[in-house]
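Sequence lines set the chain letters: A, B, ... in the order given, protein chains first and strands last, and positions in each chain run from 1. This is a predicted model, so every value here is computed, not measured.
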2 protein chains.
Amino acid sequence: MATITDVAKKAGVSVATVSRVINNRGYLSANTKAKVQAAMDALHYQPNIAARNLHGKATHTVGVVLPDIINPFYAELFQTVEQQLFALHYQTMLCTTNGEPEKEKMYLRLMAANQVDGIISSTHNPDLADYQNPTVPTVAFDRVLSPTIPMVGSDNQAGGELIGQYVAQHQPRRCLILAGSQEDLAPLSPRIAGMRAALTAPIQVDQVALPFDQPAPVRNQLIRHQLAAHDYDAVLCTDDLTAITVCEFYSDGQRPLVTGFDGSKFIRQYYPGLTTVIQPLDDLCRLAIQLLRNSMTGNAEEVTTYQLPVTLHVGQKVE
Amino acid sequence: MATITDVAKKAGVSVATVSRVINNRGYLSANTKAKVQAAMDALHYQPNIAARNLHGKATHTVGVVLPDIINPFYAELFQTVEQQLFALHYQTMLCTTNGEPEKEKMYLRLMAANQVDGIISSTHNPDLADYQNPTVPTVAFDRVLSPTIPMVGSDNQAGGELIGQYVAQHQPRRCLILAGSQEDLAPLSPRIAGMRAALTAPIQVDQVALPFDQPAPVRNQLIRHQLAAHDYDAVLCTDDLTAITVCEFYSDGQRPLVTGFDGSKFIRQYYPGLTTVIQPLDDLCRLAIQLLRNSMTGNAEEVTTYQLPVTLHVGQKVE
DNA sequence: CTGAAAGCGCTAACAA
DNA sequence: TTGTTAGCGCTTTCAG
């Protein structure tokens with residue numbers, strides 16, 4: 001790998017001059033610029049990012065912390081930030097925690113060691129000490145990490161109400177709210193609150209929360225048991241994956257009304273029949289990045305939380 | 001952010017000593033080790049990775065190049081390598097190309113600039129000049145990138161035969177092979193070859209390839225048209241996502257036998273009814289990493305391709 | 001407009 | 001067992 005010195009030598013100039021043309025800084029004669037360019041091309045020169053980062057300036061890298069990348073919602077979230085950051089010439093460092101606090105902690109260290117300029121986090125461990133007073137600008141995604149960390153998220157309560165109202169229109173006698181995770185974890189609670197607000201008497205509303213830390217078969221078994229024991233006209237899930245799991249327990253004709261939450265493009269394309277709430281991922285990511293950049297430029301406004309409006313997506317009946 | 005000098009000062013030793021305890025190298029008195037540890041803890045010291053990388057040694061980073069991260073197969077592929085690499089104390093740099101050769105090229109540069117130790121690539125652009133004689137160890141995943149690059153993949157032909165045989169058992173009169181992408185692109189061709197080998201006369205076999213670069217609606221329209229025009233007893237798709245798209249065009253009772261290919265855990269969990277071929281992701285990733293490491297340690301064996309055995313996954317009927 | 005030289009944080013000889 | 005010192009590749013004053 002050629003270095004800046006090689007280029008300088010080949011072009012017959014000093015390294016400082018090469019640095020200047022790389023960064024397009026200061027005054028250069030068209031002639032030198034051309035010479036240097038030629039040398040760089042000939043040597044397939046690539047500036048060494050490590051050396052560049054060593055100066056304590058910005059590394060132009062943002063860490064993105066996610067529970068996993070298999071859930072289509074997180075996958076789309078990552079894709080969205082990655083594309084937006086890429087357009088801004090930022091590198092994205094993906095950190096998946098698999099729900100292991102240990103791994104999250106290690107990734108937090110790793111991000112520090114890599115001198116990331118900022119962190120966007122959407123995990124379930126608000127109690128990690130490292131989040132208490134973050135050393136780099138951090139924004140939480142749809143989760144409250146700490147009172148000192150701004151958060152961007154959806155208006156989950158409104159989303160819950162949209163779903164609840166939609167279900168209520170079908171005049172169910174009895175329905176189930178199925179939380180994909182312990183309900184005390186944000187953002188589920190507002191979602192459920194919204195649903196309940198819309199499901200007024202005489203609708204009977206049951207509620208079950210799946211243990212977040214159990215493996216899929218255990219969760220499936222719980223769902224199966226709950227569904228078999230009662231006759232529900234509607235099942236309102238707090239996320240799409242739980243919803244499609246529920247759907248599998250019914251044959252097409254006998255299925256009650258099942259709804260999800262999150263509304264990733266993947267789900268809309270491959271489960272077009274599912275009614276769900278669409279989170280405005282594009283806007284959410286744009287806002288998160290904006291907050292990060294404000295904070296990076298020292299433009300520290302006071303810590304706030306943002307709740308962006310959501311939309312109802314009614315599942316298309318398969319003809 | 002504290003530096004090694006700060007730690008040395010605080011512990012009353014030289015930076016070399018600190019470096020030694022960080023890397024656990026050479027002989028240290030228990031006493032000094034403890035002093036240094038204490039100083040590091042007190043200062044929340046994190047070694048700066050950029051500085052460390054500057055020495056031209058390994059960066060302990062491998063780049064993973066994928067078309068996207070939305071497709072559950074790629075998501076699981078990423079998750080698998082990431083976990084394996086993490087266990088080996090490697091960082092993973094995810095590069096998603098979105099099918100844009102330009103973006104892939106930029107990421108290839110970025111990886112070089114970051115001095116990655118190796119690259120695992122699973123994209124569709126074998127003609128990128130950068131792959132012709134890679135400057136860092138590279139292995140292709142289920143794709144032939146260049147004659148100079150080793151590749152690990154599944155035994156796609158055998159997988160195609162498994163699927164074909166399974167379909168043949170149902171004695172279809174007419175069936176369709178639906179390629180999710182231009183068929184000249186590996187690894188589709190062997191898959192199709194395997195299917196055809198098993199679908200012998202008198203079975204009538206049609207074949208259609210979807211344009212890879214068209215947006216989803218166009219592809220959907222093509223599928224719809226093809227399915228409506230003929231009466232198929234079976235539709236064999238070259239990947240799972242195409243398969244579930246096909247399923248949507250039929251109501252449950254009238255659906256012909258539809259099969260997929262790839263068999264990610266996601267698909268098996270959320271489309272348990274789909275018959276597909278499971279790629280041995282764990283072994284594939286392990287092998288890819290092993291090849292990379294051999295190549296990194298200069299242990300360059302000759303370039304070879306590996307085809308790992310696949311298994312048939314028969315979809316469970318929903319009871 | 002261009003060059004010389006210092007220094008970023010860390011590692012690795014080489015000394016002691 | 002520990003310290004001194006010379007870089008790694010690049011940016012950035014400060015001189016010319």
Side-chain angles (χ1 to χ4, degrees), chain A residues 1-37 39-40 43-61 91 109-117 135, chain B residues 1-40 43-61 91 109-117 135-136:
Chain A
M1 191 99 276
T3 78
I4 198 175
T5 316
D6 301 331
V7 176
K9 220 167 276 173
K10 177 145 195 142
V13 299
S14 75
V15 295
T17 303
V18 177
S19 177
R20 286 193 186 95
V21 354
I22 295 171
N23 301 289
N24 201 15
R25 222 189 295 289
Y27 299 90
L28 283 309
S29 79
N31 181 22
T32 0
K33 207 185 284 191
K35 270 194 312 192
V36 173
Q37 277 296 358
M40 296 203 301
L43 273 56
H44 294 298
Y45 171 70
Q46 275 305 125
N48 182 326
I49 290 190
R52 188 173 278 178
N53 286 348
L54 204 44
H55 283 259
K57 305 284 179 185
T59 56
H60 281 263
T61 301
Q91 293 190 60
R109 284 198 213 314
L110 205 50
M111 288 188 286
N114 279 287
Q115 322 281 122
V116 300
D117 292 341
T135 158
Chain B
M1 190 100 279
T3 78
I4 198 175
T5 315
D6 301 331
V7 177
K9 219 167 276 172
K10 177 143 195 139
V13 299
S14 75
V15 294
T17 303
V18 178
S19 176
R20 286 192 188 97
V21 354
I22 295 172
N23 302 287
N24 200 14
R25 223 190 295 288
Y27 301 90
L28 283 308
S29 80
N31 181 22
T32 6
K33 206 186 283 191
K35 270 194 313 193
V36 174
Q37 276 296 357
M40 295 202 303
L43 273 57
H44 295 297
Y45 171 70
Q46 276 305 125
N48 182 326
I49 290 190
R52 188 174 276 178
N53 287 347
L54 204 45
H55 284 259
K57 304 285 180 186
T59 56
H60 281 263
T61 301
Q91 294 191 60
R109 283 199 215 312
L110 205 50
M111 288 189 285
N114 279 287
Q115 322 282 121
V116 299
D117 293 340
T135 158
V136 310

With the side chain counted from C-beta on, respond yes when Ile22(A) and Arg52(A) share a heavy-atom pair under 4.5 Å apart, and no when they do not.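 They are in side-chain contact.
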Keeping Asp6(A) on the side-chain end and Thr3(A) on the backbone end, is there a donor-acceptor pair under 3.5 Å?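 Confirmed, Asp6(A) side chain pairs with Thr3(A) backbone.
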Ignoring hydrogens and angles, tell me if any N or O in the side chain of Asn114(B) forms a donor-acceptor pair with the backbone of Val116(B) under 3.5 Å.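 Between the backbone of Val116(B) and the side chain of Asn114(B) there is no qualifying donor-acceptor contact (under 3.5 Å).
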Counting the atoms with a prime plus P, OP1 and OP2 as sugar-phosphate, which does [X] contact under 4.0 Å by heavy atoms, base, sugar-phosphate, or nothing?
{"X": "Thr17(B)", "value": "sugar-phosphate"}
{"X": "Asn23(B)", "value": "sugar-phosphate"}
{"X": "Val13(A)", "value": "sugar-phosphate"}

How long is the span from the CD1 atom in Ile4(B) to the CE atom in Met40(B), to the nearest 0.5 Å?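 Result: 9.0 Å between the selected atoms.
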Identify the 5'-most and 3'-most nucleotides of DNA chain C with at least one atom closer than 4.0 Å to a non-hydrogen atom of chain B.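 Terminal contacting nucleotides, 5' to 3': dG9(C) to dA13(C).
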Non-hydrogen atoms of Ala113(A) and Pro47(B) that approach each other most closely: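 Nearest heavy atoms, Ala113(A) then Pro47(B): CB-O, 3.4 Å.
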Between Gln91(B) and Leu110(A), which heavy-atom pair has the shortest distance, and what is it?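 Closest pair (atom of Gln91(B), atom of Leu110(A), distance): CG-CD2, 3.8 Å.
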With Asp117(B), which of Thr61(B), Val136(B), Thr59(B) fulfils side-chain contact (heavy atoms from CB on, under 4.5 Å)?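 Looking at Thr61(B), Val136(B), Thr59(B), the match for Asp117(B) under the side-chain contact (heavy atoms from CB on, under 4.5 Å) is Thr59(B).
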Find which nucleotide of DNA chain C each of Thr3(B) and Arg20(B) is nearest to by heavy atoms, and output the residue with the more 5' nucleotide.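 Between the two, 5'-proximity favours Thr3(B).
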Select from Ala51(A) and Thr32(B) the residue whose nearest nucleotide in DNA chain D is closer to the 5' end of that strand.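 Its nucleotide being nearer the 5' end, the pick is Thr32(B).
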Just wondering, are more than 12 heavy atoms of other shown residues or ligands nearer than 6.0 Å to NZ in Lys35(B)?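 Correct, the count exceeds 12.
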For DNA chain D, note the earliest and the latest nucleotide, 5' to 3', having some atom under 4.0 Å of a heavy atom belonging to chain B.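 Listing 5' to 3', DNA chain D meets chain B from dT1(D) to dG9(D).
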